[in-house]
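The structure presented is a predicted model; accordingly, all values stated were derived computationally and were not measured.
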Amino acid sequence: MAQPFLYNYDSVLITGILFLLIIAMNELSFRIGRFVQHSTDAEMKTLTGSIQGSILGLLALLLGFTFSMSMQRFDGRSEALIAEANAIGTASLRVQLLPEEFHAEANALLGRYVDMRIGIGKIDLSHAAQRKKYNQDIAALQSDLWALAVAATNADPRPVTSGAFVNSLNEMIDSQGKRNALQQMRVPEVVLWLLFIVFVASGGMLGYSSGLSGTRVVAPTVMVSFLIAMIVFIIIDLDRPKRGLIQVDQSSLLALQGAVPMPPSGSGMGERTGVVSY
């Protein structure tokens with residue numbers, strides 16, 4: 001799946017460019033305001049102040065809207081990871097309900113599955129080839145687990161034993177698909193572009209208003225521009241799964257690495273269904 005244009009660039013670079021654009025627009029607009037200062041009457045200056053307030057109000061609205069969108073998507077990814085970890089944990093517990101000859105193989109497959117899910121969780125979404133290989137291996141593991149569940153059901157068709165494991169396995173596969181889908185859900189790029197345009201326009205209006213008044217306010221302007229740039233950085237970073245500084249905590253999955261028992265070496269596991277080694 002092709003990534004949006006902005007996703008190909010570092011969030012720090014985007015934030016830095018935006019900050020410089022706001023400062024540059026502020027300075028340009030200040031000079032324009034100074035140039036037309038003496039030919040602008042008091043009524044026009046008052047109207048300019050009203051327009052400036054409207055743009056800042058629009059900026060606050062867009063900020064709140066965009067930050068809420070990025071935070072909801074981050075929370076969704078966090079909840080999906082916890083749900084997947086719980087589903088895997090439930091499946092590993094219900095292995096004990098299977099006939100004993102399936103225990104070692106099921107635990108080994110689930111152990112590898114946890115490792116693969118943790119591994120793919122560390123790969124940037126822009127590394128399409130590497131992620132595709134991981135997803136192929138994960139799909140193969142799911143097929144092996146499902147084949148084992150079918151064999152266990154044939155050996156013991158009771159719903160309270162093998163049937164319970166099949167249900168938990170189905171939930172585990174569904175939760176993986178939901179988590180993958182949520183990783184592709186981000187703030188629409190057109191919303192971010194609109195946000196950037198309003199940011200730069202607000203910096204320009206601040207500079208123009210200062211130019212009309214004939215007073216340069218350097219420190220407050222730089223401080224406001226910097227704060228705006230930091231808010232944009234947080235919005236972008238929250239909206240970048242597996243790439244930004246703010247990442248979904250994988251401790252729920254990491255805890256499963258020691259919780260899923262592994263069979264002893266040389267146990268002959270995998271001879272029945274031809275399990276693939278990864």
Any sub-3.5 Å donor-acceptor pair from Asp239's side-chain atoms to Ile235's backbone N or O? no

Do Gln142 and Gln176 touch side chain to side chain, with heavy atoms closer than 4.5 Å? yes

Tell me whether Trp193 is reachable from Ile234 by hopping between hydrophobic residues (I, L, V, M, F, W, Y) whose side-chain heavy atoms are closer than 4.5 Å. yes

Hydrophobic cluster identity match, Phe102 and Leu93, side-chain contacts under 4.5 Å: no

How many angstroms lie between atom CZ of Phe165 and atom OG of Ser92, to the nearest 0.5 angstrom? 9.5 Å

Give a yes or no on whether Ile118 and Tyr134 share a hydrophobic cluster (residues Ile, Leu, Val, Met, Phe, Trp, Tyr; joining criterion: side-chain heavy atoms under 4.5 Å apart). yes

Residues pairing under salt bridge (charged side-chain N to carboxylate O under 4.0 Å, His left out) where one sits in residues 62-89, two or more places apart or in two chains, turn out to be Glu84-Arg117, Glu84-Arg179

How many angstroms lie between CH2 in Trp146 and CD1 in Ile173, if you round to the nearest 0.5 Å? 6.0 Å

Search all heavy atoms of Leu141 against all heavy atoms of Met116 and return the closest pair with its distance. CD1-CG, 3.7 Å

Any donor-acceptor N/O pair, Ser202 side chain to Val198 backbone, under 3.5 Å: yes

Does Thr46 offer a backbone N or O that forms a donor-acceptor pair with the side chain of Ser50 under 3.5 Å? yes

Looking at side-chain heavy atoms only, is the closest gap between Ser209 and Ser29 below 4.5 Å? no

Is Lys133 salt-bridged to Asp137, cutoff N-O under 4.0 Å? yes

For the side-chain contact (heavy atoms from CB on, under 4.5 Å) test, which of Ile236, Ile17, Ile14 pairs with Tyr9? Ile14

Under the salt bridge (charged side-chain N to carboxylate O under 4.0 Å, His left out) rule, what pairs show up with a residue in residues 120-130, not counting sequence neighbours? Asp124-Arg243

Mind running side-chain contact (heavy atoms from CB on, under 4.5 Å) on Thr15 and Asp10 for me, showing each step along the way? CA-CA 9 Å; Thr15 304; Asp10 187 77; over 6 Å; no

Identify each donor-acceptor pair in which a side-chain atom of residues 219-228 lies under 3.5 Å from a protein atom, sequence neighbours left out, and give them as a table.
unit_1: Thr221; atom_1: OG1; unit_2: Val217; atom_2: O; d: 2.5
unit_1: Ser225; atom_1: OG; unit_2: Thr221; atom_2: O; d: 2.8

To the nearest 0.5 angstrom, please state how far the CD1 atom of Ile138 sits from the CD1 atom of Ile120. 4.5 Å

Would you sort out whether Asn86 and Glu171 count as a side-chain contact (heavy atoms from CB on, under 4.5 Å), showing the intermediate values? CA-CA 10 Å; Asn86 289 337; Glu171 183 180 350; over 6 Å; no

Could you check if a side-chain atom of Leu97 sits within less than 4.5 angstrom of a side-chain atom of Val160, using non-hydrogen atoms only? no

Looking only at heavy atoms, what is the nearest atom pair of Leu169 and Ala149, with distance? CD2-CB, 3.9 Å

One should read off an interatomic distance between Phe19 CZ and Met230 CE, to the nearest 0.5 angstrom, of 8.5 Å

Rounded to the nearest 0.5 angstrom, the CG-CZ distance for Leu192 and Arg186 is 10.5 Å

Smallest separation among heavy atoms of Ile82 and Ser252, with atom names: CG1-OG, 3.9 Å

If you define the side chain from C-beta out and look only at heavy atoms, does anything of Val190 sit under 4.5 Å from Leu194? no

Let's go through Thr153 and Val166 carefully: what are the C-alpha distance in whole Å and the side-chain angles of both, what is the deciding distance for side-chain contact (heavy atoms from CB on, under 4.5 Å) to 0.1 Å, and is it a yes or a no? CA-CA 8 Å; Thr153 302; Val166 170; 3.5 Å; yes

Is any side-chain heavy atom of Val232 closer than 4.5 Å to a side-chain heavy atom of Thr66? no

Does Gln37 CD have over 12 foreign heavy atoms under 6.0 Å away? yes

Minimum heavy-atom distance between Ser11 and Asp237, given as atom pair plus value: OG-OD1, 3.7 Å

Measuring from Ile88:CD1 to Leu110:CG, what's the distance to the nearest 0.5 Å? 8.0 Å

Does Ser175 reach the main-chain N or O of Ala87 with its side chain, forming a donor-acceptor pair under 3.5 Å? no

Identify the heavy atoms of Ala106 and Leu148 that sit nearest to each other, and give their distance. N-CD1, 3.7 Å

Closest heavy-atom pair, Leu81 versus Gln250, reported as atoms and distance to 0.1 Å, is CD1-CG, 3.8 Å

Between the side chain of Ser70 and the main-chain N/O of Phe67, is any donor-acceptor distance below 3.5 Å? yes

Can you confirm whether the side chains of Gln52 and Tyr208 place a donor and an acceptor under 3.5 Å from each other? no

Please answer: with hydrophobic residues joined when any side-chain heavy atoms are less than 4.5 Å apart, are Ile23 and Val12 in the same cluster? no

Using only atom types and a distance under 3.5 Å, with no angle test, would you say the side chain of Asn26 pairs donor to acceptor with the backbone of Gly204? no

So do the side chains of Ser162 and Leu98 get within less than 4.5 Å of each other, counting heavy atoms only? yes

Quick check on the hydrophobic clustering: are Met205 and Leu61 connected, directly or via other members, by side-chain heavy-atom contacts under 4.5 Å? no

